[in-house]
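These notes concern the structure reproduced below.
Along the sequence shown, residues are numbered consecutively beginning with 1. Values below: every heavy atom of this structure, side chains too, minus hydrogens, waters and symmetry copies.
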Amino acid sequence: MAGQWLQWVRGVVTVHIRGGQPERLVNRALEGGLELSSIRWTSGGKLEFELSVGDFFRLRPFLKETGCRAHVVKREGMPFWLVRFEKRKFFAIGIGLFFVGIYLLSSLVWSIEVKGNVKLTEEQILTAAKKEGIFPMQWSFKLKDKDLLSKELVTDLPGTTWVGVEKKGTRIVIQVVESTEAERAELQNPRHLVASNDAVITEIYTEKGRPVVKKNMKVKKGQTLISGTIGGGAYTQSVVAKGKVRGLVWYEFNVASPLTQEVKVYTGEKKTKWYAVIGSRALQVSGYGKNPFDTSENVLVEEQATWRGLKLPFGRLKKTIMEVRTDERELTEEEAKNNGMLQAKADVMLKAGNDAVILKEIVLHEKTDNGKVYMKVLFEVEQSIVEEMPLVQMQGE
């Protein structure tokens, strides 16, 4: 987009080459640094190509060298457009004001983005920024030096260790780094660690307390794994038991998986709407009318205008409304079983925890009836089986 815009500003001419050595002319011109495009032979046997106005005047020595003659057949771009309207002074003034307006708009701050804040609210940061002259519709050249703004914002925002201010086109990004305080350890009452499920112990690690079970032992739900009572007699002491205990747990699931599956299909029918975007506002310019489809999905593509690498605060938005329909797909029994198994595994992980590992899956019973596959599945899972229990609630220790 930027290349086409620049080409239009410079002006482009299309020429036909007659006589001489056309192929040698193209080679010599390219070697001489001229930019030729759309090089082709016409149906009349003439060589045709496009080049900028400046390169057209640089082409003359190569024409003499190769004995060719150039005939301009088409002129495009701003230079010719200005010549055509040279008598319309007010129009030319309006065009000049338009470009001045673009420059002025690109010199404004249109939006402010805040990143990195956790404890501080965005409103607090924007209020402090406004105090230092950072706010929407502010002139960029009125902003203070970045380092000075950073120091002043750190002073204005208690609890921050660094605040960075960066200008990206018409947008200001404020990056906040908040100071961290050491987390205070919560006061905990003495406790035991007990089994959350019936299981077979596969791993036990005691950080604090007294282990009362060993690896490969069977335990019942609620049975003490690591006791919070240590010592004996007069030296008995109650502590907060800490440790890690994992074990094998078995889950039984009844699965019913249908032999049909709903799938989303794009029909190929679509409607396109275009919008002119200025700042955060969008004005529709084409594709008026209601959505003609019963079911559809929207695909949005935004293009922001640029000038010399600078993002301008306007552009265009393409909204494509695509018609979709829902079809039913017939599944094989194997596909239905796999779908049901995947859902059952997800339910297992939800119950057992993210650190659980499914070791085995055994289908105990299977049948197909009324358009569904029914299964009874047993899962063997290794998982954490630790559960806390306050020491005062334990009896018989």
Quick one: salt bridge (charged side-chain N to carboxylate O under 4.0 Å, His left out) pairs with a partner in residues 256-275, sequence neighbours left out? K264-E297
Does any non-hydrogen side-chain atom of H71 lie less than 4.5 Å from one of V73? yes
The side-chain hydrogen bond (donor to acceptor under 3.5 Å, both in side chains) partners of N291 (sequence neighbours excluded) come to S296
Rounded to the nearest 0.5 Å, the NZ atom of K244 sits from the OH atom of Y205 at a distance of 10.0 Å
Y374 ring centre to K367 NZ or CZ under 6.0 Å, with the angle to the axis within 45°? yes
For E382, give me all partners under side chain to side chain contact (heavy atoms under 4.5 Å, CB included), at least two apart in sequence or on another chain. T202, R246, L248, L359
Can you tell me if CG on D145 sees more than 12 non-hydrogen neighbours from other groups inside 6.0 Å? yes
Under a 4.0 Å N-O cut-off, is there an ion pair linking K119 with E178? no
Non-neighbouring partners of S38 that pass side chain to side chain contact (heavy atoms under 4.5 Å, CB included), sequence neighbours left out: E50
Mind jotting down which residue pairs meet the side-chain hydrogen bond (donor to acceptor under 3.5 Å, both in side chains) criterion with at least one end in residues 124-137? Sequence neighbours excluded, please. T121-Q124, E132-K144
Could you tell me which residues satisfy side chain to side chain contact (heavy atoms under 4.5 Å, CB included) with N370, sequence neighbours excluded, listed by chain and number? none
Indicate yes or no: does D327 engage R325 in a salt bridge with an N to O separation below 4.0 Å. yes
With no hydrogens and no angle check, just 3.5 Å: does a side-chain donor-acceptor pair link T42 and E48? no
